[in-house]
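Let me begin by presenting the structure, written as structure tokens, before commenting on it.
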Amino acid sequence: MAEPADNIHGASIRLAGVYKIFGPRHLDFIEQVHRGMTKEELLEHNHVLGLSNINLDIPAGIIQVIMGLSGSGKSTLIRHINRLIEPSSGVVAVNGIDIMQMSPVELRDFRRNMTAMVFQKFALLPHWTVLDNASYGLKLRGVAKAERQDVAMRWIERVGLKGFENKFPNQLSGGMQQRVGLARALANDAPVLLMDEAFSALDPLIRVDMQTVLLDIQKEIRKTIVFITHDLDEALRLGDRIAILRDGKVVQKGTAQDIVLKPADDYVANFVKEVNRSRVLLVENIMQPLEAAAAPAGLPRLPARLLLDEAVRRLTGIGASEGLAVDEDGRPLGRVTLSDIVQAMVTPVDCPPEVAGMAAPATERAAAGA
Amino acid sequence: MDWLTNFPAMDLERLTAIKRAIDESFRSFTRAYGDVFEALFEPLKSFMIAAEKFMTGAPWPVTLGLILLLAWLASRNWRIVVGAAAALLLIGYLGMWDDTMKTIAMIIVATITSIIIGIPIGIIASRFRRVRLVLSPVLDVMQTMPSFVYLIPVVMLLGIGKVPGLIAVVIYAVPPVIRLTDLGIRLVDAETLEAADAFGSSPWQRLVNVQLPLALPTIMAGVNQTIMMALSMVVVASMIGVQGLGQPVLRAINSQYFTLGMFNGFAIVGIAIIFDRVSQAFGRRLQKHREVAHG
Ligand SMILES: Nc1ncnc2c1ncn2[C@@H]1O[C@H](COP(=O)(O)OP(=O)(O)OP(=O)(O)O)[C@@H](O)[C@H]1O
Ligand SMILES: [Mg+2]
């Protein structure tokens, strides 16, 4: 996660003070929006506030997940990173280079070599076969035909479409088309991968498969991946960091644990209320720190960064009711009891009442599971 | 009260003077540059002559076979090919083979010329809104202005013959290709274009990989209309020296030969139907990959 690694292949991405107003006279309104004009007020002038003061620093090599309801500006945000959309004001920098300063030719090279994108609506070329679609990025880079088809074929196999390489996109189901889009992006092997609801059309089984493919790639070569999703479990599984968008603003950013433990407002709380907390929270999030240096003897040891559901499995497996959290070097850090864990799994009562009330079924499930 | 019953027109003498002045200057322009224009259209002339010579010079079974082969390659539909064969054989049997071949040659040359001129203009129009704004009324004029009117300057410049006739046909027939190329390109799915950009297409790559192929069915609809409009100009073109089925029709009008007119008229209809069916079937075949296989 945050620890440095030498296999980082990705690039850092920085959005600073990014505003986007949609409309022909967007620059005329930018001053007023900076001074606090709201989305509704702007709408009276027939302009749409797409993004408002986005500040996001994405270090190289992580998966940054972006969540938010429909229309919250996720697609708009991700399109700023390869300048498919230009900000009305603010800076977008990749590896420290301001992409707004690039000439058309520089921008083309940047897009060819630094980024690859998976589109929400697939955006395949209907008159090209799956194989040609998957090798599109490499073709634009000028890679020789045999080589690019070789690479594309490998990725077509990896996304499970072997045997379909000579079909046309419209002969495939939606989920299969989405995987062609995925193969097309992955074949490019770019340091920055932009994925706009890249798995939304997949069935649950294939979806988990594709998540695994993505995580495997991340183990081999750490790209910087910006991943948009509506699915919280997916966000929590993939995201090293998560940002939550609402009406074009980032309302919260942080790790999965930050978001689940300390939702910034009702909107975020609503997002996380249904989540299976035992698959998100870690032992270190709930342990009681040790007083003094005295480590109680005889307690089973649990890694501090273990997920709660695994901790429960281990404790109940040996019939223990309490465990000792230790860091990577085996130093004791704190203690956790089974009842602490169960309590952490259910939605905390200090949530807003309607949220706690609506989360009841999830609570039952979690308790029954434990 | 005279000005109420008679429209207060311009002074007749002055009006005549103006018209005469314009005519005079255009006439001197044609005298000065007629040769230049003739040279300019020389390639078109040789193309036209070559096409005509080929269509009428080759033994008729060869020409017929070639036409049917092309119809088959474009449509892959036996019924269309058989229909075309029947129509052409009947036309030939009724003694109109040579004229029909000349007309087909003219249509082919006019269509190819329209495509060569029309598609680039359509591409430019789709790219620049201003061009489109200027072009649109120009195309309207080209389609609604009676063709005899623009035949006058064309004939003044180039005289009577194949080339001025062809120019008149192209002026009338080129607008659909331009309009539908422009429209087809602008209707290309925005996200597909974004994908082309996101992977780093140059404007040229974007055009040939995405815009033109996705606009092709629409462009083909334009080509089909162009062919039909060119055919409707056959008689007019024959008035200034284009040979083919139009000339017997003219003769029939002048001498009131009812049957001659009917025969040639139906021959024009016959080849119009052949061209229409073949080009439409070709357009549909271009879209084959768009058909959704499931459901
Ligand atoms: N080109 C545009 N012109 C005007 N408004 C736009 C444009 N593109 C997006 N918007 C508006 O900006 C807002 C954010 O749109 P965006 O597509 O980024 O949402 P999203 O979060 O990706 O939603 P979804 O989950 O449905 O994909 C919406 O209110 C949308 O109407
Ligand atoms: Mg979206």
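Below, chain A is the first sequence line, B the second, and so on; all start at residue 1.
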Using every non-hydrogen atom in the two residues, find where [X] and [Y] come nearest and quote the distance to one decimal.
{"X": "B:P203", "Y": "A:R108", "answer": "CD-NH2, 3.7 Å"}
{"X": "B:P213", "Y": "A:H127", "answer": "CB-NE2, 3.2 Å"}
{"X": "B:S201", "Y": "A:Y136", "answer": "OG-OH, 3.1 Å"}
{"X": "A:N82", "Y": "B:A198", "answer": "ND2-CB, 3.7 Å"}
{"X": "A:A123", "Y": "B:A195", "answer": "O-CB, 3.6 Å"}
{"X": "B:E191", "Y": "A:F122", "answer": "OE1-N, 4.2 Å"}

> Got a second to check how far B:D189's CG is from A:K121's NZ, nearest 0.5 Å?
Replying inline: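 The distance works out to 7.5 Å.
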
>> For a 4.5 angstrom cut-off between non-hydrogen side-chain atoms, does A:L140 reach B:N209?
In response: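 Yes, at least one pair of side-chain atoms sits under 4.5 Å.
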
>> Any heavy-atom pair between the side chains of B:Q205 and A:K139 that's under 4.5 Å?
In response: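 SC-SC contact between A:K139 and B:Q205 ruled out.
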
> Is B:E194 salt-bridged to A:R111, cutoff N-O under 4.0 Å?
Replying inline: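 No salt bridge links B:E194 with A:R111.
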
> Side chain, backbone, both or neither: which part of B:A190 has an atom under 4.5 Å from a heavy atom of chain A?
Replying inline: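 Contact with chain A is absent: no heavy atom of B:A190 under 4.5 Å.
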
Under 4.5 Å heavy-atom distance to chain B, tell me which part of [X] shows up: side chain, backbone, both or neither.
{"X": "A:R184", "value": "both"}
{"X": "A:F110", "value": "neither"}
{"X": "A:L107", "value": "neither"}

